Amino acid sequence: MGKDRAAQSGGKQDNRELLRDIPKVEKCLQALLAIEEIEGAPLMVVKNSVRDVLEELRRQILDGRETAAESLELAALIPIFLKRIRRELQPKFRRVINCTGVIIHTNLGRSILPDSAMHKLLEAGSRYSNLEFDLETGRRGSRYSHVEKLLCTLTGAEAGLVVNNNAAAVLIVLETLARGGKVIISRGQLVEIGGSFRIPEVMARSGAELVEVGATNRTHLRDYEEAVTEETALLLKVHCSNFRIIGFTSEVPLEELVRLGGKMGIPVMEDLGSGCFIDLSRFGLEKEPTVQDAVASGVDVVTFSGDKLLGGPQAGIILGKREIIERIKKNPLNRAMRIDKFTLAGLESILRLYLDENTAVARIPTLAMIAAPPAEVKRRAVKLARMIRRDCAHACAVDVREMVSRVGGGAMPEQNLPSWGVALHPASVTVSVLEGELRHLEVPVIGRIEEDRLLLDMRTVADNEVAIVAGSLQQVFAGEANRLSI
Ligand SMILES: *Cc1c(COP(=O)(O)O)cnc(C)c1O
């Protein structure tokens with residue numbers, strides 16, 4: 001009888017009658033719970049999955065989309081339920097393999113931590129700690145004390161504080177030093193960082209008033225000088241992390257701003273954005289001002305991220321003159337932005353590695369990936385290509401080629417890192433289908449499409465991930481991929 005209706009499908013009337021063929025939730029549940037695979041799955045997940053699938057079918061029928069009556073039979077629905085349940089049981093937040101070549105990829109979690117730091121994180125989470133307990137005196141301590149001295153040793157700063165992220169750092173500094181006052185900034189530095197962090201908007205939230213000076217491409221010291229009034233509370237410099245103004249340009253060096261601030265009795269702040277402790281020109285990159293350079297200029301306060309070029313956990317680091325840092329510490333906003341014990345554990349571990357520059361470069365993944373010589377990256381590409389040719393030769397053409405990696409994270413936007421990877425051209429599916437299938441794996445493999453090839457850049461892939469990537473491709477081409485979407 002269902003078949004008859006399917007045969008004359010098309011008419012809205014007939015379609016509606018199909019609604020009656022949708023099995024009841026209870027009946028589906030009964031059938032499902034008899035299946036071994038379902039054992040141990042929370043009933044709530046099973047129930048909701050069944051309801052969702054049935055609801056989608058109902059909508060499909062009501063929308064007049066073609067629906068075969070057979071597809072509503074329990075036997076046809078069971079595999080769909082199972083697929084949905086499997087998908088729901090997968091953690092939503094999970095590991096991926098970054099084959100994009102973008103090292104500090106904000107969408108893929110920015111910096112990754114070395115095992116030594118992860119060990120400290122694990123311990124901080126599973127054991128009690130002296131988070132706010134002074135082991136010397138046996139009294140209450142400060143969570144910031146664990147990293148403040150280290151930060152000062154590494155950078156030469158007088159004092160420091162760590163908050164949730166750099167956006168929070170900028171906000172709390174502005175709120176502390178400039179609420180109700182005016183902040184002078186060059187028009188060329190009114191940046192927007194991804195995720196709607198815009199200097200003018202953060203400024204407005206802090207209760208400070210923005211005073212733009214100069215032109216988009218050129219700002220001179222006299223522009224700042226002429227804008228200073230009694231209400232000026234701060235001179236601000238923001239690092240143009242994610243763009244460059246090129247051509248006829250001029251920016252006032254930090255030292256000159258500091259000199260002007262000193263003369264006028266106005267504090268000077270720099271938002272460094274990425275904030276690096278090491279001069280990366282060693283690795284063929286453009287020289288960027290380091291945190292130490294900023295501190296040495298005499299700037300009153302400088303802020304930067306923990307998880308960009310520093311290579312640590314998400315955090316906003318504030319360094320500067322003791323008197324200013326003390327005021328920021330006392331700001332009630334500080335409590336709302338404070339870091340947790342995991343951040344603290346990870347950050348201290350990372351900062352300790354910086355006590356020796358070579359150790360930092362070797363052990364901090366973000367730096368190691370930047371420093372990796374192309375020949376080393378190429379070796380991984382060659383190894384991956386060999387595995388793909390061995391396992392998937394019939395399904396996919398592969399060649400090893402030179403490509404371009406990026407530092408990412410709004411750091412050094414113009415800088416290319418020469419890299420190596422593989423370019424894939426599947427025989428029987430399109431490149432975008434292959435890209436999608438790899439993205440839907442249990443451990444998704446994220447590459448990029450360029451000129452009808454899927455590129456997998458090996459600069460951001462660890463040695464022990466190469467075999468996983470090869471295995472993933474084999475799985476996809478064998479049609480065994482556990483497709484997590486219906
Ligand atoms: C990235 C960045 C921020 C924001 O830092 P988060 O740590 O992501 O909050 C602020 N200012 C500049 C200049 C940046 O580059």
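Quantities reported herein were computed from a predicted structural model and do not represent experimental measurements. One-based numbering, in listed order, for ligands and for the atoms of each.
- Comparing heavy-atom distances from atom 4 (C) of ligand 1 across N166, I317, V170 singles out N166 as nearest.
- Distances shorter than 4.0 angstrom occur between a heavy atom of K308 and an atom of ligand 1.
- K378 and E402 are not joined by a salt bridge, as no carboxylate oxygen comes within less than 4.0 angstrom of a charged side-chain nitrogen.
- The existence of a salt bridge linking E201 and R205 is excluded, since no basic side-chain nitrogen approaches an acidic carboxylate oxygen closer than 4.0 Å.
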Item checked: Evaluation steps, side-chain hydrogen bond (donor to acceptor under 3.5 Å, both in side chains), between T290 and D293 -> CA-CA 5 Å; T290 61; D293 292 339; 3.2 Å; yes
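- Ion pair D356/R363 not flagged as a salt bridge, since none of the NZ, NE, NH1 or NH2 atoms sits closer than 4.0 Å to an Asp/Glu carboxylate oxygen.
- Contact atoms of ligand 1 toward H239: 13 (C) (distance under 4.0 Å to a heavy atom of the residue).
- Set against the non-hydrogen atoms of A167, the atoms of ligand 1 under 4.0 Å away are 4 (C), 5 (O), 6 (P), 9 (O).
- The option from V238, N164, D271 that lies nearest to atom 11 (N) of ligand 1, judged by heavy atoms, is D271.
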In residues 153-162, what donor-acceptor pairs under 3.5 Å come from side-chain atoms, sequence neighbours left out?
{"unit_1": "T153", "atom_1": "OG1", "unit_2": "K149", "atom_2": "O", "d": "2.8"}
{"unit_1": "T155", "atom_1": "OG1", "unit_2": "L151", "atom_2": "O", "d": "2.7"}
{"unit_1": "T155", "atom_1": "OG1", "unit_2": "A157", "atom_2": "N", "d": "3.2"}
{"unit_1": "E158", "atom_1": "OE1", "unit_2": "R322", "atom_2": "N", "d": "2.8"}

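- Atom CE of M337 sits about 5.0 Å away from atom CD1 of I172, to the nearest 0.5 Å.
- Here is the list of ligand 1 atoms found below 4.0 Å of a heavy atom in R110: 6 (P), 7 (O), 8 (O).
- Near S305, with a cut-off below 4.0 Å to any heavy atom, the atoms of ligand 1 are 5 (O), 6 (P), 7 (O).
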